[in-house]
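Any value given below was found using the heavy atoms of this structure, including those in side chains, with hydrogens, waters and symmetry copies removed. Just so it is clear, the structure is predicted and the values come from calculations on it, not from any experiment.
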Amino acid sequence: MVVTAATLNGAAALGLSGRVGAIAPNYSADLALFDIGDYRELPYWLGARVCSMLWTRGKACDVHDLDVL
């Protein structure tokens, strides 16, 4: 339910539901995978390098490229 609220519903509210808001073929997606035990831990790791995988516009990126962002 939380993922739907943050993705599909957010995209629909912006009028972008046909292009973004889903992790599916032909959708543009930014996605980050964090090496933490529970999503509720994320605020406690603010500033730490806990991102283990990153995709932007549907393509995998090297997490070490985050230094230049």
| message | So does D30 get a backbone contact from the side chain of T56, meaning a donor-acceptor N/O pair under 3.5 Å? | response | no
| task | May I ask you to test the L42-I36 pair for a side-chain heavy-atom distance under 4.5 Å? | result | yes
| message | Using a 6.0 Å cut-off, check whether atom CH2 of W55 has over 12 heavy atoms from anything other than its own residue. | response | yes
| task | Determine whether more than 12 heavy atoms belonging to other residues, nucleotides or ligands lie under 6.0 Å from atom CG of L14. | result | yes
| request: Measure across G21 and A11 and return the closest heavy-atom pair with its distance rounded to 0.1 Å. | output: CA-CB, 3.7 Å
| field | D35 side, atom CG; E41 side, atom CD - distance, nearest 0.5 Å | value | 10.0 Å
| Under a single-linkage definition using a 4.5 Å side-chain heavy-atom cutoff for Ile, Leu, Val, Met, Phe, Trp and Tyr, are L33 and L31 assigned to the same hydrophobic cluster? | yes
| query | What distance do L8 atom CG and Y27 atom OH have between them, rounded to the nearest 0.5 Å? | reply | 7.5 Å
